[in-house]
Amino acid sequence: MTRAFDVVAVETKWQSRWRDEGTYEVDNDDPRERFYALCMYPYPSGSAHQGHVRNYTFGDLVVRYQTMRGKAVLSPIGFDSFGLPAENAAIKAGSHPRLFTEARMAELKASLIRLGAVYDWRREVYSHDPQYMKYSQMIFLAFWRAGLAYRAYAPVNWCPGCATVLANEQVLADGTCERSGDLVERRNLEQWFFRITDYAEELLNDLESLDWPERVKIMQRNWIGRSEGVEFDLALADDPAVALRVFTTRPDTGFGVTYAVVAPEHPLVERLTTAEQHADVAELVARATAATELERTAGVEGGALDKRGAFTGSYVVNPFTGRPVPVYVADYVLGTYGTGAIMAVPSEDDRDYAFATAYGLDIVRTVQPPDDFDGGAYHGEGVHINSGFLDGLDVAAAKERATAFLEQNAQGRRTVNYRLRDWLVSRQRFWGCPIPIIYCETCGPVGVPEDQLPVVAPDDVTMDRTGQSPLATHDAFRLTVCPICGEPAHRETDTMDTFTDSSWYFLRMADPFTPGRPFDPAQVARWMPVDQYIGGIEHAILHLLYARFYVKALVDVGLATGVPREPFRRLFTQGMIRLEGSKMSKSKGNLVAPEQYFDTVGADGLRLFHLFVGPPADDVDWNEQTESLIEGCARFLDRLYRLATLEDVRWREAEDESDLAVRRAVHRCVARVSESIERWSYNTAVAALMETLNTVSKWARDEAGAHRATYDEALDLMLLLLAPMAPHLSAELWEHRHPGEPSVHAHPWPVADPALVATPRVTMVVQVNGKVRSRVEVASDVGEDEARDRALGDPSVIAHLAGRLPQRIVVRAPRLVNIIV
RNA sequence: GCCCGGAUGGCGGAAUCGGCAGACGCGGAGGCCUCAAAAGCCUUUACUCGAGAGGGUGUGUGGGUUCAAGUCCCACUCCGGGCACCA
């Protein structure tokens, strides 16, 4: 298409100006009111894709809008530059992940600049920067000293073919390695954890104070999974000295306990298993513990549970009935939750019901289901039956009584359990931040002293096809001496989960200037919390939960004293880009590169499209009509350009009625755009501008001529409103109209004149029996009586009444009158 | 299975507090300009009956509340997302 102006020339001109003049650099001692605007820092996968464009268009709009609102806006950027894709690419290309990563970073940076997104580049943070790594490691050690980091055995995905550990995403749906095709095994390795569960309660409670999308909060709540219940002992029938401790949230159903189950990993499995049952139990345990997590949970879909178990030969006493019930080992009970053992109530629990049915165990109802209930386990409200002293009570009352009973008779104790597990941070990977620990034969694990940080992975490595981390076999890296005793020792060769990098980068960005520590808490406290965080919904759980934990922990270990404990006050999650329905991704090769549009419709045109195409939170389907939508946005910019550079206007001296109408439209537009931006309704903000441009354009070209002051006001206001959305063209046209004056982006955000926004006369709808029969012009402050009289006197209304007498007249002046006959 | 979200013209979407359904844009149709085209400009465009004036219908389906429902309530269908043996 032919454009009205040279898009590339205009855009590159302003991009270099913003960068060269440091327009969006902001100092930590800036006296203006502060605003921290942040987009989730990207993984550098190469030049930007449409998802980036969308994300950073929204972010840039916020930055420029808040700047015009007079705030000192902190707008940093960085790169989440560690990670598996770089490692895989390096293996393929036989190069070093750093070379690969840095090339991709440069590409992405160039795209962001061509998008016109503006940042304080002095604050750029990237995960593999040795400076950043040093502080990541300092933080790890601080957590360790505070007891928040610890070592424990945990199962990992082990590929026998590659002789290495796999990330979950490297294991295919059928349980094989994506690279070698071997069946992935489960192995126990000693690994590092962060004690995030210590913060479960706070992470849950603080969600309430956050201005986040409700569904993200719900996802986090579910992930944390708090549940209140009772822990108590089930005594072994033939040896009361041995007790099986169980956890339940339904103590009220105790009379329905017809068996008990322990997890295959449970420490009492040996003790409970009788000689006759030994073979059965051993087989079950072997199968369950060797299986991958995947196999163990396979077949769970749709609730069709393939539960497997074995009788131990032992019995425990149901404390409610006093009767012995059998104990099973079954793989549907998890060793890692609660006590790793349960009381089973098949009548009121689906899983127990399925197991009991399969193994022919008793089912005794304790809650009366409704008459029409035809399912298996019943978990609704109801009155207790078959339950001795609980009979007749409702669920809540019975819970109370049963809990009190267990406290007195079975070592019962009210407890809270969480679904949330501690955060496993070890990765058996090369391209990540090394865990700064040295293992010494005599001193045990020792932290690398601060003056020896950062621990940086060596450059002289070759990534081989197995995917095994070269650190594990690189002796120059691995072998060292103990910092305490000086004896030969070896380094930890695991690296940290990349989620650790993204858990504190926003703190570093707030103050990357203080030497010797991650940041100066006092400086950071002045910027935090982030006022507006913007990113993809895919980070709703992990990244956002880990970052929240990190900040709380950093405050507690003294590295972030005074910093608010919640990092992100407001969160916005944007929709995804889909290509004809399916998810767009690099691996599918269905990306629509933004670069091609920068040369045609320009960054402004593409940005406008992303703003206009629909609500920012909704997904965007990229299809055959997208191209023409983008062109429609470019066309709008062309029309604006033509109007702003119009030469053959007939200027007239006197103001007339049309001037007032135009001024009204323009001021209403100011109000509408401002309000739309505040509530993240960018699509309607653009629509308002399009509408206004149509009005002004038509008026300015009219034969009756245009009044200069009206035209000037209209153009200036439109350019100001457009400045955060299409920053290049707005700046260019503003400069054209105000040569030598400060840029449009330095101008305060406009305020609508209330007198012009208010409409003195409005259209009132007149309905007869709820159907619109007429519209009449009335003053906007019209009284009820006058509104009614106007409605009843309208010829079309009289015709529709056809002589019938109104039974009732509803008057909602000045909007509507409804006459009921 | 449980928890969330959604469904509006040919298409993307608008309707912010229960009060004019379809703003704005795309696409379509017709016209102006032009030797012609591109670009631009103008008109029109939910469906339907009607020559027109005008009428009827219409926001996934079925009910309900209300003078009035896209909006609130109940039941359901379909689509999308999250969790998925967490006792």
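Every value quoted in this text rests on a predicted model; they were computed, and no experiment measured them. Residue numbers begin at 1 in each chain, while the letters A, B, ... track the order of the sequences.
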- Per atom distances to the A:Arg815 side chain, the nearest of B:G19, B:C42, B:C26 is B:G19
- Query: Is A:Glu786 salt-bridged to A:Arg788, going by a charged N under 4.0 Å from an acidic O?
  - Reply: no
- Taking syn as within 90° of 0 and anti otherwise, name the glycosidic form of B:G22. anti
- Query: Which residue, A:Ile820 or A:Asn417, contacts RNA chain B at a nucleotide closer to its 5' end, judged by nearest heavy atom?
  - Reply: A:Ile820
- Query: A:Glu691 near the nucleic acid: base, sugar-phosphate alone, or nothing, with a heavy-atom cut-off under 4.0 Å?
  - Reply: sugar-phosphate
- Which one, B:C67, B:U43, B:G82, comes nearest to the side chain of A:Lys698? B:U43
- Task: Ignoring the backbone of A:Gln625, work out which of B:C11, B:G25, B:C41 is nearest its side chain.
- Result: B:C11
- So what does A:Arg775 touch, heavy atoms closer than 4.0 Å: a base, only the sugar-phosphate, or nothing? base
- Both distances under 3.5 Å, Watson-Crick or G-U wobble: report the partner of B:G5, or none. B:C79
- Message: Judged by each residue's nearest nucleotide on RNA chain B, which is more toward the 5′ side, A:Val772 or A:Met219?
- Response: A:Val772
- Query: Which of the following nucleotides, B:A14, B:A68, B:G80, is nearest to the side chain of A:Thr684?
  - Reply: B:A14
- Query: Can you tell which of B:G25, B:A14, B:C11 lies closest to the side chain of A:Asn694?
  - Reply: B:G25
- Item | Working for ring-ring contact (aromatic ring centres under 6.0 Å, His included), residues A:Tyr418 and A:Tyr337 | CA-CA 8 Å; A:Tyr418 299 92; A:Tyr337 183 79; 9.4 Å; no
- Message: Under 4.0 Å, counting only non-hydrogen atoms across every strand here, what does A:Gly632 touch: a base, just sugar-phosphate, or nothing?
- Response: sugar-phosphate
- Item | A:Arg215 side-chain proximity, nearest of B:C4, B:G25, B:A15 | B:C4
- Task: Please determine, for the side chain of A:Arg679, which listed nucleotide (B:A23, B:C83, B:A15) has the closest atom?
- Result: B:A15
- Item | Rounded C1' spacing from B:G9 to B:A15 in Å | 15 Å
- Query: B:C85, B:G40, B:G13: which one has an atom nearest the side-chain heavy atoms of A:Asp331?
  - Reply: B:C85
- Query: Has the side chain of A:Arg812 got a donor or acceptor that lies under 3.5 Å from a partner of the other kind on the base of B:G19?
  - Reply: yes
- Message: In whole Å, measure the gap between the P atoms of B:G25 and B:A46 for me.
- Response: 15 Å
- What distance, rounded to whole Å, do you find between the two P atoms, one in B:C85 and one in B:C74? 31 Å
- Looking only at side-chain atoms of A:Asn222, point me to the closest of B:A87, B:G19, B:C3. B:C3
- Task: Identify the two heavy atoms, one from A:Ala791 and one from A:Ile819, that lie closest to each other, and give their separation to 0.1 Å.
- Result: CB-CD1, 4.4 Å
- Item | A:His800 side chain near B:G54 phosphate (N/O to OP1/OP2, under 4.0 Å) | no
- Item | Base paired to B:U43 (Watson-Crick or G-U; both N/O distances under 3.5 angstrom) | B:A29
- Message: My understanding is that a pair needs two contacts under 3.5 Å, Watson-Crick or G-U wobble. By that rule, which nucleotide pairs with B:A15?
- Response: none
- With both distances under 3.5 angstrom, what nucleotide forms a Watson-Crick or G-U wobble pair with B:U34? none
- What interatomic distance, in whole Å, is found between P of B:G64 and the corresponding atom of B:A69? 13 Å
- Winner on side-chain proximity to A:Val613, out of B:C3, B:A87, B:G12, is B:G12
- Using the P atom as the reference point in each nucleotide, state the distance between B:C11 and B:C2 in Å, no decimals. 33 Å
- Message: Under 4.0 Å, heavy atoms only, any strand: does A:Glu214 hit a base, just the sugar-phosphate, or nothing?
- Response: nothing
- B:C32: syn or anti, with syn meaning chi within 90° of zero? anti
- Query: Counting just side-chain N and O atoms, does A:Arg773 come under 4.0 Å of either OP1 or OP2 of B:G54?
  - Reply: no
- Query: Under a 4.0 Å N-O cut-off, is there an ion pair linking A:Asp621 with A:Arg578?
  - Reply: no
- Message: Under 4.0 Å, heavy atoms only, any strand: does A:Gln807 hit a base, just the sugar-phosphate, or nothing?
- Response: nothing
- Spacing of the P atoms in B:C76 and B:C3 (rounded, Å): 12 Å
- Is any side-chain nitrogen or oxygen of A:Arg808 closer than 4.0 Å to OP1 or OP2 of B:C67? yes
- Answer yes or no: does a side-chain N or O of A:Asn683 lie under 4.0 Å from OP1 or OP2 of B:A14? yes
- Looking at A:Lys771, does any N or O in its side chain come under 4.0 Å of the phosphate oxygens OP1/OP2 on B:U57? yes
- Message: Taking only the P atom of each, what is the distance from B:G56 to B:A21 in whole angstrom?
- Response: 12 Å
- Message: Under a 4.0 Å threshold between the charged nitrogen and the carboxylate oxygen, would A:Lys399 count as salt-bridged to A:Asp252?
- Response: no
- Message: Taking the P atom in each of B:G13 and B:U8, what is the distance between them to the nearest angstrom?
- Response: 9 Å
- Message: Once you apply a heavy-atom cut-off of 4.0 Å, does A:Ser676 come out as touching a base, just sugar-phosphate, or nothing?
- Response: nothing
- Task: Provide the closest heavy-atom pair for A:Ala344 versus A:Asp352 in the form atom of the first, atom of the second, distance.
- Result: CA-OD2, 3.3 Å
- With respect to the phosphate group of B:C42, does any side-chain polar atom (N or O) of A:Arg701 fall under 4.0 Å of OP1 or OP2? no
- Item | Ion pair A:Glu231/A:Arg414, N-O distance below 4.0 Å | no
- Message: Whether A:Arg672 and A:Glu691 form a salt bridge (side-chain N of Lys/Arg under 4.0 Å from carboxylate O of Asp/Glu) is what I want to check.
- Response: yes
